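The structure appears right after this line, and notes come after that.
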Amino acid sequence: MHHSLNNRVAIIGAGIAGATCARLLCDAGFEVEVFDKSRGVGGRMSTRRSEWTDCDGLIHTAHFDHGVPGFSAYSPNFIEFVKQAHEKSVLARWQPRMISDQDQINDETESWVATPNMSAWCRDLLSDSKVTFTCNIHSLIRSASGWTLQCAEETITKTFDAVIIAIPPLQATSLLKPHQPDWADHAQTLIQQPHWILMGVTSDVSPVLNWELFRPASGPLSLIIRNDAKPQRQQTPGFINWVIHASHEWSQQHLESSIDDVEAALKIAFSDTLGYPFNWHRASVHRWRYASDLVVKDILCPDLHLWQAELGLGVCGDAWGGDGVEGAWSSANTLASRLIKPDEL
Ligand SMILES: Cc1cc2nc3c(=O)[nH]c(=O)nc-3n(C[C@H](O)[C@H](O)[C@H](O)COP(=O)(O)OP(=O)(O)OC[C@H]3O[C@@H](n4cnc5c(N)ncnc54)[C@H](O)[C@@H]3O)c2cc1C
């Protein structure tokens, strides 16, 4: 058991930032509880599962990594962390056969995916923490005995010594406002770009398809991925599972369009881009309101996280750590160190 003032820690958000904090703090002997508003772990690093029926009436299961498709590791510390997950077979190298608009097949820079789906890494990192799902934390109350959390869906009676907020900045502002108004003002400036995703199943078009990842240089789409060709993904003979990213510009323009309109428009864009009339067996769209890439990039937090030791309040996530999975991890890693080794910083 860790003996410090901040022993009982609540983490809001079970994405890669929250899950990394949870793992590092659990390993250091803290008592950690994680709360997430959705029904599963991973946040923007997760996988959608759905069932669909083919024309013979057979039911199939399809998986779509509808958030981050894969990520790269650059800093030595992150590479080491990734290596450990690779050794446990939680992460695998992903080197898709890639094509650009110039019709060349290229090798992508080395990237990583979790296996057998993107949520698996966060699930592994959270394996020693208590996680409460479907729990949208809408306010934090600070009293002499510590922090209590308020959630619309259930009553949380426990008191915590410290709270870590690991959610996108615009969602964090209302939680921060009563306690650290300057942080809330800062968070409001960190605007992340939206992203519409089309995911679905078509008949196999292998004769016209010799690639697994395609980056159109222009038009409504920015990325087309054959999801079932990623490492250890389930394949259904005769069919292909696609994850198709609309560009940030297109997503911004269609941010408030209806789901039906977006699905129809992206299906047309997909067929037009590939010059092939696809037969869809199942399709749906997902809107990430705060997906990735800060609109204004020059106000990153110098410590990669925020921490107020007297209050026992911290904030981490990709927007503070420098974008993407590695940014989210770096932010969580530096914040966890503040709690684990308070005298070193
Ligand atoms: C379409 C797309 C493509 C991307 N492409 C790349 C890429 O190529 N490379 C790359 O490195 N990164 C990419 N990213 C970005 C990457 O996914 C994120 O940077 C990273 O996953 C963020 O992790 P996080 O833990 O900071 O936040 P999140 O993953 O957003 O986790 C936050 C969690 O908090 C929960 N939550 C929010 N509010 C509350 C609340 N009030 N109460 C309780 N729970 C709450 C959410 O449900 C979520 O689970 C992409 C993201 C998207 C969406």
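First listed ligand is number 1; within each ligand, the first listed atom is number 1. What you are looking at is a predicted structure, and each value in this text was computed from that prediction instead of being measured.
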- prompt: What do you reckon, is NZ of K130 surrounded by more than 12 foreign heavy atoms closer than 6.0 Å?
  reply: no
field: Charged N-O contact under 4.0 Å between E87 and K83
entry: no
message: Main chain of P194, side chain of H248: is a donor-acceptor contact present, judged purely on distance under 3.5 Å?
response: yes
- prompt: For ligand 1, what are the residues with a heavy-atom contact below 4.0 Å?
  reply: I12, G13, A14, G15, I16, A17, F35, D36, K37, S38, G42, G43, R44, G67, V68, P69, G70, F71, C135, N136, I137, A166, I167, P168, Q171, H195, I197, H245, W288, A291, S292, G317, D318, G324, V325, A328
query: Any chance the rings of H86 and W112 have centres within less than 6.0 Å?
result: yes
- request: Flag yes if more than 12 heavy atoms outside L58 fall under 6.0 Å of its CG atom; otherwise flag no.
  value: yes
- prompt: Is H254 reaching over with its side chain to a backbone N or O of Q252, donor-acceptor style, under 3.5 angstrom?
  reply: no
